[in-house]
Amino acid sequence: MLTAGCGREEIRVYEAPKERPATATAGMVPDPGGLGGADPHAGPSRPRLSWQLPAGWQERPATSLRAGYFVIAGPHGQEAEVTIIPLAGTGGNDLDNVNRWRAQVGLKAVTADELPRLAQTVALGGGEGQLYDLVGDSYEADDQRTLAAILRRDGMSWFFKMTGPASLVGDQKGAFVEFLRTLQFESAPPVSPAAPGPGAGSAAEARPAGLPRFQVPEHWQTQAPGAMQAARFFPRDAEGRAEISVAMLPGDGGGPLANINRWRRQLGLGPIGESELAGAMQPRTFGAQPGYWVEIAAPESGRRLVAAAVQKGNQSWFYKLSGEAAVVDREKPVFLQFVESAEYAP
Amino acid sequence: MLLEPLIRLFSSLRLTVVCLALAVVLVFVGTLAQVKLGLYEVQARYFQSFFVYWQLPGTAVRIPVFPGGYLLGGVLLINLFVAYFSRLGRQRFHPGLLLIHFGLAALLLGQLWTDLAQRESVMRLAEGETKSYSESQRRSELAVIDPSDPNVDRVVAIPESHLRPGTTISHPQLPFAIRVHQFWANSAPVRGDTNATPQVTQGTGLQARFVPRPPVTTTDERNVPTAIIELLDAQAPGTSLGIWLVSDWLLEPQAVEVRGRKHLLALRLARYYKPFSLTLLEARHDKYPGTEIPRNFSSRVRVRQPATGEDREVLIYMNNPLRYGGFTFYQYQMAADEAVRMRGQKPTSTLQVVQNPGWLMPYLACTLVSAGLLWQFTGHLLAFLRERRPRPTGRTLPARPAPAEPVLSR
């Protein structure tokens with residue numbers, strides 16, 4: 001026993017059951033953003049993808065990074081390629097991704113304000129994704145063009161990209177959009193459409209499973225929700241200065257006093273007592289649901305918070321707008337409309 | 001004679017006390033050392049070793065400064081046996097003493113057995129997922145998989161301890177030899193697919209780049225190793241099949257073709273396959289209403305054993321593990337609360353899988369010691385009661401010799 005304990009581990013040879021059918025799936029690299037002590041195996045398992053191959057497309061073996069790889073030959077010897085790359089998590093910021101693709105075709109970077117105008121919502125694998133069509137300004141024959149679509153689904157980001165000579169990519173755009181539409185994931189998404197990326201437009205319905213359907217104001221940008229949050233946004237022109245978050249808690253979420261004191265604590269203010277509660281909160285009906293809202297200001301830090309709580313069945317939904325006083329004041333009417341717009345799952 | 005002082009030394013009660021005192025100090029110092037070294041490193045350095053070493057700063061010289069767990073346990077065991085056979089004389093066959101001594105020996109040996117044979121691993125399952133293997137939490141292996149059989153994969157698993165830079169690994173079941181160029185016990189990927197690893201000529205390493213990171217020791221982090229290896233054709237010595245990057249960061253294996261036959265290459269957490277499978281049907285993380293205080297973590301799993309046709313559902317929750325096939329499955333970690341579901345992610349549950357063939361030893365040892373003590377004390381009590389019985393008055397009979405009184409050793 002002693003020698004077994006002190007000896008080196010041996011090379012093992014064994015037979016293992018097959019893990020997966022031999023479908024067109026290959027390796028992937030996890031999202032290298034924000035690694036810390038992250039465990040690459042802790043993320044959600046990647047669903048399998050199937051597709052209908054458009055005419056003229058040749059399927060090539062997928063590599064370790066790509067879940068799908070296709071080559072399209074043009075009539076004059078040109079060649080375009082299509083790649084499917086899945087990444088765990090958000091796969092990075094859309095603005096950075098789009099600007100990287102723009103640089104690859106010789107285009108200047110755009111700002112966060114300009115990004116939504118470039119995005120086109122397309123049907124993608126049973127949900128909706130954002131398509132960016134990036135073509136160089138010059139009309140030279142060897143000018144490159146990129147079509148890139150992003151889908152966020154089940155905690156993963158999928159990047160579908162066609163790159164090649166502008167004329168060939170232009171000819172193939174219809175086939176690419178159709179290819180995206182007919183993509184199928186092995187299991188249907190819990191709720192479709194999936195949450196769209198930034199710039200989905202005014203009627204964007206950010207709606208992961210269980211989240212109410214609401215009208216997101218045009219100038220708000222969707223962000224990956226933090227811990228305990230169901231959704232998160234910020235006003236585009238005030239990134240880092242104000243934030244809107246949505247969260248759900250079962251029951252009454254601890255009651256108004258506990259919640260108001262939590263928000264006060266977040267602004268660095270002391271708690272209030274039961275006797276001051278009636279003066280601090282304003283009961284209100286949002287849509288058809290009962291609720292209340294509060295406004296808390298911290299003059300010393302110049303910060304302000306508007307929060308609304310809506311009771312729906314045995315759940316409490318909390319909406320919070322917080323940040324610099326000026327931005328919060330400006331966003332307050334839009335924020336309350338946003339809370340009003342929520343349609344809750346029955 | 002030399003034997004006599006040795007027997008005197010190893011049978012002395014003083015040695016027992018010294019060993020126990022040193023063990024107390026070792027446990028105390030080892031517990032403090034966990035702050036810096038982490039649980040597993042301390043286990044290896046302090047308890048699963050004969051000596052605790054101190055490394056001379058700036059050198060590779062290690063000086064033993066304190067007895068380790070194995071040495072103290074070993075000396076205690078020898079002490080127990082030598083004392084039993086040398087000091088007790090004929091009394092050693094007394095049932096009470098026999099049971100107590102062998103019970104203590106079973107306790108020490110059982111702990112050694114557990115230490116050497118116990119294997120802890122985890123099975124991480126998303127809802128709906130089925131697995132027939134568990135994974136080590138700390139040890140990685142380089143797996144070379146031959147997928148040519150339609151029913152099973154043939155795997156040659158090389159433990160990460162073999163991946164020392166400069167070594168060449170050969171195995172009769174491998175179609176190539178593996179020369180290790182680099183091995184990083186912990187690593188991180190670098191964003192940007194243009195920054196390929198320069199020396200790599202094949203595979204994912206052409207598109208992805210990794211950098212070494214200092215190894216982590218805490219229990220809530222783990223090392224993610226990366227290696228750069230060269231494959232050398234086993235049948236054509238000197239023929240290189242390219243330089244590859246293998247990393248536990250890559251979630252899928254890379255394909256290597258050797259003389260028309262495909263093999264898969266993956267550096268991954270060491271896997272332990274079982275003859276049965278578990279499917280996670282439902283993971284639950286319940287909280288007390290209105291609070292974040294957890295009320296219940298439970299996993300409803302389906303156990304399928306193809307050999308016997310067994311197919312049943314089991315609920316695993318805190319303090320209610322599943323004991324099956326020589327393994328114990330404990331509820332360990334969970335990502336299944338509202339936040340996970342609202343983000344549209346699949347809930348996951350992690351089960352700790354413990355295989356400990358010696359798990360009965362402590363029970364057996366304690367039963368032996370208890371029975372021995374009971375025997376011993378009952379004997380004393382009966383003798384004492386006999387002593388106290390009032391003697392009849394009048395003429396006394398000639399005194400009879402007193403019965404042999406058992407004496408509790410040491």
Side-chain angles (χ1 to χ4, degrees), chain A residues 1-2 4-5 8-19 22 25-30 32-33 35-46 61 63-65 88 92 153-155 187 189-191 194-195 208-211 225 227-230 248-255 258, chain B residues 48 70 112-113 115-117 124 126 128-129 132-133 135 139 147 150-159 161-162 169 171 173 188-191 193 203-204 207-208 216 220-222 224 248-255 269 271 273 287 289-291 335 338-339 341-346 348:
Chain A
M1 275 201 294
L2 273 175
R8 272 175 90 202
E9 302 162 278
E10 292 301 314
I11 294 178
R12 294 181 297 149
V13 180
Y14 57 84
E15 288 186 348
K18 292 264 178 206
E19 247 179 81
T25 57
M28 54 179 280
V29 175
L35 289 167
D39 185 340
H41 300 264
S45 42
R46 175 153 67 94
T63 70
S64 300
L65 280 168
R153 184 185 181 281
D154 286 359
S187 55
V191 172
L211 193 63
M228 302 302 299
Q229 291 178 344
M248 193 280 285
L249 287 174
D252 66 354
Chain B
Q48 295 163 345
Y70 283 168
L112 182 66
W113 187 11
D115 206 42
L116 298 177
R124 197 174 280 122
E129 193 177 13
S132 60
Y133 63 86
E135 291 168 304
R139 288 182 182 164
N151 300 317
V152 288
D153 285 338
R154 289 207 170 76
V155 184
V156 179
I158 303 157
S161 56
H162 288 240
I169 301 158
H171 192 273
Q173 299 282 332
V190 182
R191 184 183 276 281
D193 52 7
T204 309
Q207 299 153 32
V216 292
D220 53 356
E221 288 177 298
R222 80 166 182 88
V224 184
D248 197 9
W249 281 107
L250 304 176
L251 299 191
E252 298 280 340
Q254 302 174 68
L269 286 170
R271 288 185 183 182
Y273 279 87
K287 295 170 187 167
T291 72
E338 281 297 332
R341 289 175 201 274
M342 271 192 292
R343 282 199 293 271
Q345 294 172 348
K346 272 191 183 168
T348 59

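To find a chain, count down the sequence lines: A is the first, B the second, and so on, and within it residues start at 1.
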Side chain, backbone, both or neither: which part of B:Val156 has an atom under 4.5 Å from a heavy atom of chain A? both
At a heavy-atom separation under 4.5 Å, does B:Pro150 approach chain A through its side chain, its backbone, both, or neither? backbone
According to side-chain contact (heavy atoms from CB on, under 4.5 Å), who are the partners of A:Ala16, at least two apart in sequence or on a separate chain? A:Tyr14, B:Val155, B:Tyr273
With rounding to the nearest 0.5 angstrom, report the NZ to CG distance, A:Lys18 to B:Asn151. 8.0 Å
Are any non-hydrogen side-chain atoms of B:Pro159 and A:Ile11 less than 4.5 angstrom apart? yes
With distance as the sole test, does B:His171 use its side chain to make a donor-acceptor pair with the main-chain N or O of A:Arg12 at under 3.5 Å? no
State which residues pass salt bridge (charged side-chain N to carboxylate O under 4.0 Å, His left out) with B:Arg154; sequence neighbours excluded, sorted by chain then number. A:Glu15, B:Asp149
B:His162 and A:Glu9 have their tightest heavy-atom pair at NE2-O, 2.7 Å
